[in-house]
There are 2 protein chains.
Amino acid sequence: MRASERVHASLREDILAWRLVPGTVLSEVEQAQRLGVSRTPLREALGRLAAEGLAVVGKGRTLVVSDLSADDIRALFELREALETQAARLAARRRRPGVFEELRDRFEAAPELLTADDPGRTEYYRLAASLDAAVDEAMDSPYLLRSLQGLRTHAVRARRLSRDNLARLVKAAGEHRLITEAIIESDETLAAQATAVHLRASLATILASLTAPDHAPAAPEPAPEPAPQPAPQPAPHPNPVGV
Amino acid sequence: MRASERVHASLREDILAWRLVPGTVLSEVEQAQRLGVSRTPLREALGRLAAEGLAVVGKGRTLVVSDLSADDIRALFELREALETQAARLAARRRRPGVFEELRDRFEAAPELLTADDPGRTEYYRLAASLDAAVDEAMDSPYLLRSLQGLRTHAVRARRLSRDNLARLVKAAGEHRLITEAIIESDETLAAQATAVHLRASLATILASLTAPDHAPAAPEPAPEPAPQPAPQPAPHPNPVGV
DNA sequence: TGCCCGATCGATGTATACAAACGCGCCGTC
DNA sequence: GACGGCGCGTTTGTATACATCGATCGGGCA
């Protein structure tokens, strides 16, 4: 793997996990030394972060980690609603049989999955990611896909800021099932509206979590020890969202 | 101005104007020599082009100018419809009085403007760009704005591929007026639907132009002589679209 | 004669040295 | 005491040299 890619992935993950909090200045020499590369690949990584919107130019020529306030999250969901409803609409129009039927069954069985503790949640995230992937493939719209990918980066960041909620996940499973069924029935309008319903509920959950009295703002996830595992198998989706 | 910016703007404009046609390989050393800079700033420019989707990695590690077929344009408008209808909806919700009233009057007067020849068209493009800018400002949604900006790059490229059509512009003026009026009346649904109508008509015009028998495919616009003008004043919008 | 392997060549990827620009602080003056 | 100008230092921007990877083409073997 190229150094620039590795460094980009590292910085990106640090930002998404809130280990690099908004306002942190991303000095070239400092980050280059920290990550053990020269400035050249690091600059490329910073450029990609800026293109993704994870970093913005601050005062002077400095690059700082971008902010993500409650207002930002609201604005983010205004974009998300536009993109994901269109994605659902197109998926309902073009879906090929089989894939979504299986997903529907899995969403039906999801509440049982969610009675268990943490492993069950992880499994549900994978399921939600599978739905995303199925919609991505079914809609067959490269430009929309690109925008969705860029959006999901920020969606992940927002979700990791808020708190996971078991009751919410059970409800989300029902909403996902509804979307899946609408796609199966090729009901474009219903698919779009069910997606909108889901997104509104999801946004409300996140915002409520932010204002909760016991919410630890920007609780940075501990950096995972660089365990010498063989290689983490790639998830069906790099950034599971949709909960 | 930084060399990397200048080179990026130059390459970008070459691609939008179809002087660099799809499939052209963007070799680092070759382009660096052609544009008179070293590989370092050129690499940064290429990275930005790739992030915008104007260039894609081809076989090997080569970067090539991205394709823009009729199917691509259709897919592009699937994204565009999602973004611009949402933008119109939000603009209708949040618009501040005054701006759109003036735009409506100008769109009403547009047909007379369009009886003249080329200068009239250029003026209409500026007017359409003004509407874009007004919507951008009124919707007040940074993430949506970002996606729209990225989209417009490709929209410009598509428009420059097709042929300007005077009759179409007159009709477009009417569609724009309808959108403006809906925003003035704070009618979100109508604003969104009027935008959808406009985009469908616009897409149809572009596709028809492509299949026209006398259509010169990829007629490259001549590179403008680097006239030593003092400095081109920034247009209200860098990429006027919306016709 | 066809397939596979390897060397060579050309490209991209990385490191580093140099240049320039901007911020910041100090000093002088008003 | 406050404001403005000037110089220094740190940072980013650029150029270039080197490393490394992959593609292609030729030769050898089956």
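In what follows, chains carry the letters A, B, and so on, assigned in the order in which the sequence lines appear, proteins first and then strands, with residues in each chain numbered from 1.
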In whole Å, I'd like the distance from the [atom1] atom of [X] to the [atom2] atom of [N].
X       : N      : atom1 : atom2 : value
B:Glu28 : C:dT14 : CD    : C1'   : 12 Å
B:Gln33 : C:dT12 : CD    : P     : 12 Å
A:Leu35 : C:dT14 : CG    : C1'   : 15 Å
A:Glu30 : D:dT10 : CD    : P     : 15 Å
A:Arg6  : C:dG13 : CZ    : P     : 15 Å
B:Arg2  : D:dT12 : CZ    : P     : 12 Å

Short of 4.0 Å, heavy atom to strand atom, which residues of residues 37-47 of chain A count as contacting DNA chain C?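 Under 4.0 Å from DNA chain C: A:Val37, A:Ser38, A:Arg39, A:Thr40, A:Pro41.
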
For DNA chain C, which residues of residues 50-65 of chain B approach it to below 4.0 angstrom with any heavy atom?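 Result for residues 50-65 of chain B: B:Arg61, sorted by number.
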
Closest non-hydrogen atom pair between A:Arg74 and A:Leu207, with its separation: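 For A:Arg74 and A:Leu207, the tightest heavy-atom pair comes out as NH1-CD1, 3.4 Å.
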
Without hydrogens or angle criteria, can the side chains of B:Ser10 and B:Arg34 be said to hold a donor-acceptor pair below 3.5 Å?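 Per modelled atom types, B:Ser10 and B:Arg34 side chains form no pair under 3.5 Å.
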
Any ring pair (Phe, Tyr, Trp, His ring centres under 6.0 Å) pairs touching residues 54-94 of chain B, not counting sequence neighbours?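 Ring pair (Phe, Tyr, Trp, His ring centres under 6.0 Å) check on residues 54-94 of chain B returns no pairs.
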
When you look at A:Glu123 and A:Arg106, which way does the salt bridge (Lys or Arg N to Asp or Glu O under 4.0 Å) test go after all the steps? CA-CA 11 Å; A:Glu123 200 57 37; A:Arg106 292 170 69 189; 5.2 Å; no

Surrounding CD of A:Glu137 (heavy atoms of other residues, nucleotides or ligands, distance under 6.0 Å), is the total greater than 12?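 No, CD of A:Glu137 has 12 or fewer neighbouring heavy atoms, counting only those of other groups under 6.0 Å.
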
Checking the side chain of [X] only, and the main-chain atoms of [Y] only, is there a donor and an acceptor separated by less than 3.5 Å?
X        : Y        : result
A:Thr180 : A:His176 : yes
B:Glu81  : B:Glu78  : no
B:His154 : B:Glu52  : yes

